[in-house]
Number of protein chains: 2
Amino acid sequence: MSSGALPDGTVVAMCSALADETRWSILTTLGEGDASASALARRLPVTRQAIAKHLAVLHEVGLVETVQAGREVRYRVIGTELSAMARRLDAIGTEWDRRLATIKHLAENI
Amino acid sequence: MSSGALPDGTVVAMCSALADETRWSILTTLGEGDASASALARRLPVTRQAIAKHLAVLHEVGLVETVQAGREVRYRVIGTELSAMARRLDAIGTEWDRRLATIKHLAENI
DNA sequence: ACAACCTGCAACCCTTTGGTTGCAGGCAAG
DNA sequence: CTTGCCTGCAACCAAAGGGTTGCAGGTTGT
């Protein structure tokens with residue numbers, strides 16, 4: 001029951017990727033349109049190299065994909081993996097609450 | 001559109017809480033039934049103090065609640081917050097893919 | 001009353017990680 | 001061709017985080 005469609009370590013990896021404010025800034029910025037690392041560095045208060053590291057992390061868990069555009073590498077945000085994990089988290093949370101409800105229901109019928 | 005029902009920092013905090021293997025071990029163990037910190041320490045390969053820290057983190061983001069049971073403090077896993085964030089993440093991911101689809105659709109109609 | 005158990009707080013260590021600077025390479029436009 | 005911009009790699013730094021040991025305070029049970 002605890003092991004679903006996507007490997008268990010994936011959830012931890014993706015949550016780890018999402019556990020950073022700067023990374024969310026990058027993601028929301030990319031949500032407004034594809035951009036290169038340098039372009040992101042101009043709009044955000046961090047260095048290009050820092051952004052490059054973050055993009056590497058995001059790419060590794062499948063939250064962004066790269067698109068070669070001439071000499072620059074544009075990054076595009078992908079929602080599929082995120083939605084997949086979200087559905088799984090929702091299922092886990094629901095099961096926890098369902099268990100809770102069952103316990104309380106049993107307690108009332110004593 | 002980017003600011004929903006729950007504050008934005010909450011998502012980062014919860015993802016940060018979920019970005020640790022040991023914490024997931026604790027959560028899944030609690031999923032099988034409430035337990036105290038010492039009880040968890042017996043079943044998991046870490047110290048009770050380490051578990052106490054993790055439980056504090058989980059408690060702060062509302063993933064667990066405490067129940068005083070005599071001299072011991074039992075912890076209970078809560079799914080509501082998790083499901084709420086999951087739904088939000090799903091919405092974000094869906095919107096990203098929707099934007100992508102719109103771009104591609106526009107590209108075909110040139 | 002005494003022993004056993006559970007809790008909380010504090011100090012400490014090591015690893016991870018977010019961020020920086022610096023440098024070298026490659027493609028594109030003038 | 002040369003200048004500018006974008007990329008990649010490496011070294012380095014400081015802060016955060018996971019984990020441990022140690023100690024003191026309360027409760028329960030015998």
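Because the structure is a prediction, the values reported are computed rather than measured. So you know, we letter chains A, B, ... as the sequences are listed, proteins then strands, and number each from 1.
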Enquirer: Provide, to the nearest angstrom, the distance between the CG atom belonging to B:Leu40 and the C1' atom belonging to D:dG18.
Expert: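 Between C1' of D:dG18 and CG of B:Leu40: 17 Å.
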Enquirer: Taking atom P of D:dG18 as reference, at what distance in whole Å does atom CG of B:Leu55 sit?
Expert: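 Distance, rounded to whole Å: 13 Å.
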Enquirer: C:dG8 P sits how many Å from B:Glu72 CD, rounded?
Expert: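 Computing the B:Glu72:CD to C:dG8:P distance gives 12 Å.
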Enquirer: B:Thr47 side chain N/O closer than 4.0 Å to the phosphate oxygens (OP1, OP2) of D:dT20?
Expert: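 Result: yes.
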Enquirer: Taking only nitrogen or oxygen atoms into account, show me every contact under 3.5 Å that the protein makes with nucleotides 25-29 of chain D, one pair per line with its distance.
Expert:
| residue | atom | partner | partner atom | Å |
| --- | --- | --- | --- | --- |
| D:dT27 | O2 | B:Arg71 | NH1 | 3.3 |

Enquirer: Got a donor-acceptor contact below 3.5 angstrom from the B:Arg74 side chain to the B:Asp34 backbone?
Expert: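 Checked: pair present.
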Enquirer: Can you tell me if the side-chain N/O atoms of A:His54 get under 4.0 Å from OP1 or OP2 in C:dT17?
Expert: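 Answer is no, no contact under 4.0 Å.
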Enquirer: If the cut-off is 4.0 Å, is B:Ser38 near the phosphate of C:dC5, judged by side-chain N/O to OP1 or OP2?
Expert: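 For C:dC5, OP1/OP2 do not have a side-chain N/O of B:Ser38 under 4.0 Å.
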Enquirer: When the distance from CD of B:Glu21 to C1' of D:dG19 is rounded to whole Å, what number comes out?
Expert: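 B:Glu21 atom CD is separated from D:dG19 atom C1' by 16 Å.
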Enquirer: Among C:dG18, D:dG19, C:dG22, which is the nearest nucleotide to the side chain of A:Gln49?
Expert: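 Nearest to the side-chain atoms of A:Gln49, counting from C-beta on, is C:dG22.
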Enquirer: Write down the distance between CZ (A:Arg74) and P (D:dT7), rounded to a whole number of angstrom.
Expert: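 It is 10 Å, rounded to the nearest whole Å.
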Enquirer: I'd like to know if B:Val77 and B:Val46 are part of one continuous hydrophobic network [Ile/Leu/Val/Met/Phe/Trp/Tyr, side-chain heavy atoms within less than 4.5 Å].
Expert: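 Per the 4.5 Å side-chain linkage, B:Val46 and B:Val77 are co-clustered.
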Enquirer: Any N or O donor-acceptor pair under 3.5 Å from the base of D:dG19 to the side chain of B:Lys53?
Expert: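 Answer is yes: a donor-acceptor pair is held.
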Enquirer: Do B:Ile92 and A:Leu82 have side chains that get closer than 4.5 Å, going by heavy atoms?
Expert: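 Of all side-chain heavy-atom pairs linking A:Leu82 with B:Ile92, at least one is under 4.5 Å.
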Enquirer: Ignoring hydrogens and geometry beyond distance, is a side-chain donor-acceptor pair present between B:Asp97 and A:Thr80 at under 3.5 Å?
Expert: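 Yes.
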Enquirer: So do B:Thr66 and B:His59 actually touch side chain to side chain, heavy atoms under 4.5 Å?
Expert: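 Yes, at least one pair of side-chain atoms sits under 4.5 Å.
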Enquirer: How do B:Tyr75 and A:Ala19 order along DNA chain C: which one's closest nucleotide is nearer the 5' end?
Expert: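 It is B:Tyr75 whose nearest nucleotide is closer to the 5' end.
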Enquirer: In whole angstrom, what separates B:Ile51's CD1 from C:dC9's P?
Expert: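 From B:Ile51 CD1 to C:dC9 P: 17 Å.
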Enquirer: Using only side-chain N and O atoms of B:Thr22, determine if any of them is under 4.0 Å from OP1 or OP2 of D:dG18.
Expert: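 It does not, given that no N or O in the side chain of B:Thr22 lies less than 4.0 Å from OP1 or OP2 of D:dG18.
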Enquirer: With a cut-off of less than 4.0 Å, is there a side-chain N or O of B:Arg23 near OP1 or OP2 of D:dG18?
Expert: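 For B:Arg23, the contact criterion (side-chain N or O under 4.0 Å from OP1 or OP2 of D:dG18) is met.
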Enquirer: Which atom pair, heavy atoms only, marks the closest approach of A:Arg88 to A:Val11?
Expert: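 That would be NH1-CG2, 4.0 Å.
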Enquirer: What integer distance in Å separates A:Leu58:CG from C:dT17:C1'?
Expert: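 One finds 14 Å between C1' of C:dT17 and CG of A:Leu58, rounded.
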Enquirer: Give the rounded distance in Å between these two atoms: CG of B:Leu44 and P of D:dG19.
Expert: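 Spelled out: CG on B:Leu44 to P on D:dG19 is 10 Å.
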Enquirer: Taking atom CG of A:Leu44 and atom CD1 of A:Ile51, what is their separation to the nearest 0.5 Å?
Expert: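 A:Leu44 atom CG to A:Ile51 atom CD1 measures 4.5 Å (nearest 0.5 Å).
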Enquirer: Students often get this wrong, so: under 4.0 angstrom with heavy atoms, is A:Arg42 touching a base, only sugar-phosphate, or nothing?
Expert: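 Sugar-phosphate: the residue A:Arg42, judged by heavy atoms under 4.0 Å, touches backbone atoms but no base.
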